Amino acid sequence: MANKAALISGITGQDGAYLAKLLLEKGYRVYGLLAHRSTKPFWRLSYLGIEEEVEFVDGDLMDLSSLGRAMAEVKPDEVYNLAAQSFVGVSWQQPILTANVTGLGVLHMLEAIRLNNPEIRFYQASSSEMFGLVQEPIQSETTPFYPRSPYGVAKLFGHWMTKNYRESYQMFACSGILFNHESPLRGLEFVTRKVTDAVARISLGKQSDLRLGNIDAKRDWGFAGDYVEAMWRMLQHDVADDYVVATGITSTVRQMCEIAFQHVGLSYEDYVVIDPKFYRPAEVDILLGDASKAKQQLQWTAKTSLETLIQMMVEADLERVRQEGKNVSGSIMR
Ligand code: NAP
Ligand code: G4F
């Protein structure tokens, strides 16, 4: 039997890169949907050494016809929809773009599959941000949603559309409600990477302080490399369903800063400056996930502690900042 083919939207992002690596290791033919950009952001795939192993197909979540063409060309067995405007902070500045890409884009994907081959297995990257103003202290698949950002509202639309296509057309459509997950490949706009990059720069004498917003916010942070395994497992299960993917431990941004600064022998209190510019119009104060369904049905658990994760990220950023001095092209890693 020929190897399975997988189409990944958002392949140039953090999760897309880790998922592509995992699927290649499992023998898949991996195709990445590539939206047209003025520059090709392949640094994550290069970092993992897989840029040459992935095939690319043009397509944008905003263009249903391009998705239909991509399905017809690739004939995937599995589609992972990871593409999104994924930064919560910017979703207040660009709410309509966020609604279109992060919300309506999911429906475009589902329609492209339904019209081409409804047998394709579909994964939707849903988010713990949908819990927002949390209605239960520990959030599971049965916790009611209360999104707090245009991003969260858009994700909720995609989540319900995924369920609706499963129930209306019996499509194998899964929604992974993933809590925050980070890695050395995280974008610099997100708080963990902003902190680990700053820690590296401060420790190497290239930055003097770090300006942050609400450092009392709590998140359930895991490692992206662990979480893509859960995505794959969902699509190998006998029935399509929705799953929370989380560590079951929540920590404040402040505690995360403490770990990062301590790793280079510094104290965060000496460098962190609170800047209201980074406060959000409506905050998600705390997220804490219960992934017992994923554990029971998919045999998935998170393996990486926050300490290990943040230390790994600081080490990667130290290496990058050191390289910047030697290699001008190092700046494209940021
Ligand atoms: P990311 O690094 O921001 O990657 C987003 C990807 O989407 C990029 O490859 C981007 O391409 C692509 N994209 C944006 N607009 C597009 C469009 N119109 N058409 C096609 N592609 C487009 O995000 P991530 O952290 O890997 O997250 C992956 C998915 O999981 C996202 O849907 C995110 O919302 C969701 N999620 C993430 C987390 C987390 O903690 N990381 C938690 C829950 C859910 P360019 O590089 O060309 O811009
Ligand atoms: O790192 P963040 O920007 O992640 P956020 O908003 O939780 O969203 C991430 O996780 C979601 C899953 O729950 C994903 F769906 C989403 O795509 C994304 O990956 O912010 C985390 C917390 C927030 O409470 C924020 O207010 O950190 C706080 N924070 C404090 N200072 C900051 C900053 N966040 C950022 N980005 N920058 C700051 O300076």
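Throughout, numbering of the chain's residues begins at 1 and tracks the sequence. Indexing begins at 1, ligand by ligand and atom by atom, following the structure's order. Fair warning: this is a prediction, and the values are worked out from it, not measured in the lab. Note: hydrogens, waters and symmetry copies are ignored here, and every other heavy atom, side chains too, is used.
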* For D15, is at least one N or O under 3.5 Å away from an N or O on ligand 1? -> yes

* Heavy-atom proximity to atom 14 (C) of ligand 1, best of A35, A84, G105, A83 -> A84

* To do: Go through ligand 2 atom by atom and flag the ones less than 4.0 Å from a non-hydrogen atom of L287.
  => 13 (O)

* Any Y151 heavy atom less than 4.0 Å from ligand 1 -> yes

* To do: Below 4.0 angstrom from a heavy atom of P41, which ligand 1 atoms are there? Numbered from 1 as shown, please.
  => 46 (O), 47 (O)

* Asked: By number and element, which atoms of ligand 2 are closer than 4.0 Å to a non-hydrogen atom of E129?
  -> 13 (O)

* Run the numbers for me: atoms of ligand 2, each under 4.0 Å from some heavy atom of E283, listed by number. => 23 (C), 24 (O), 25 (C), 26 (O)

* Between K163 and E167, is there a side-chain N and carboxylate O pair less than 4.0 Å apart? -> no

* **Element-labelled atoms of ligand 1 that are located less than 4.0 Å from some non-hydrogen atom of R186** => 25 (O), 39 (C), 40 (O), 41 (N)

* Looking at F172 versus F122, is the centre-to-centre ring distance below 6.0 Å? -> no

* Asked: Where does the angle between the aromatic ring planes of Y123 and Y80 fall among parallel (under 30°), tilted (30 to 60°) and perpendicular (over 60°)?
  -> tilted

* Any chance the rings of Y47 and F42 have centres within less than 6.0 Å? -> no

* **Options W221, F278, Y151, F190, ranked by nearest heavy atom to atom 18 (C) of ligand 2, top entry** => F190

* Ligand-side contact atoms (ligand 1) for residue partner N180, heavy atom cut-off under 4.0 Å -> 40 (O)

* Asked: Mind checking whether Q85 has a heavy atom under 4.0 Å from ligand 1?
  -> no

* Ignoring hydrogens, just give me the one of E189, R193, K155, R280 whose non-hydrogen atom is nearest atom 2 (P) of ligand 2. => R280

* To do: Give a yes/no on ligand 2: does R186 have at least one heavy atom closer than 4.0 angstrom to it?
  => yes

* Asked: Within the structure, does G213 bring an N/O atom to less than 3.5 angstrom of an N/O atom in ligand 2?
  -> yes

* Just go through V284, V253, V272, I215 and tell me whose heavy atom is the nearest to atom 27 (O) of ligand 2. => V253

* Structure fact -> heavy-atom search around atom 32 (C) of ligand 2 in the protein gives V191 CG2, 3.6 Å

